[in-house]
Amino acid sequence: GIQVEQSPPDLILQEGANSTLRCNFSDSVNNLQWFHQNPWGQLINLFYIPSGTKQNGRLSATTVATERYSLLYISSSQTTDSGVYFCAVATNEKLTFGTGTRLTIIP
Amino acid sequence: DSGVTQTPKHLITATGQRVTLRCSPRSGDLSVYWYQQSLDQGLQFLIQYYNGEERAKGNILERFSAQQFPDLHSELNLSSLELGDSALYFCASSVGIGDGVTEAFFGQGTRLTVV
């Protein structure tokens, strides 16, 4: 099956810093999503981004499907950004999740 | 609020018991997915239904079963529970299926603790 790897696995930043999270996938996909799992376990949709670039406030994402990767940018980090960020790709009638990046923002 | 409703939010039960987790998809969504997330682990795909039919299966244990009813809600049944079944169980829904899977939305999860 498809492999989805995220990097870095862990990231600790000071409040106000910027970060880039990466998602690599091993095969062609039609759809890709980014999620934020907050400390309470809730999975929050960030982006539905099969290709191209999207922005939502301090967050933006870019997917280059032909090169099999996606990037999530977080600018001016806030403590509420802490949690685990997952990318997930749609193949074979399911979403396959990446390994996740655990982001900790220090005040 | 994603529009996907899962009940109960928390469940504590003893080993050997059977439980049923319930999921109501977003209005208009025909696909329902179930995922398991063990402590500090990623999300493992269990099973997917589309309009009442099973469409895809992951590494779902034989002790687990699921179904999607005519009103499109879904239930995940876990039986002969073991300590290792303790996990967060998520349900998600989307409009489409296959490579046409549209954006999926997740419920708040059911946290199952087996003691």
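Proteins get letters first, then strands, A, B, ... in listed order; numbering begins at 1 in each.
Sorted by first then second residue, the side-chain hydrogen bond (donor to acceptor under 3.5 Å, both in side chains) pairs that include residues 4-16 of chain B, not counting sequence neighbours, number zero.
Interface residue B/Gln37: only side-chain heavy atoms are found under 4.5 Å from chain A. Heavy atoms of B/Phe105 lying under 4.5 Å from chain A belong to its backbone as well as its side chain. Interface residue B/Leu88: only side-chain heavy atoms are found under 4.5 Å from chain A.
Ring orientation note: the planes of B/Phe106 and B/Phe90 are nearly perpendicular, at an angle over 60° on the 30°/60° scale.
In this structure A/Arg58 satisfies the salt bridge (Lys or Arg N to Asp or Glu O under 4.0 Å) test together with A/Asp81, sequence neighbours excluded.
Contact count against chain B (heavy-atom pairs under 4.5 Å) is highest for A/Leu43 among A/Ile44, A/Val84, A/Leu43.
If you take CD on B/Gln67 and NE2 on B/His73, they are separated by 7.5 Å, rounding to the nearest 0.5 Å.
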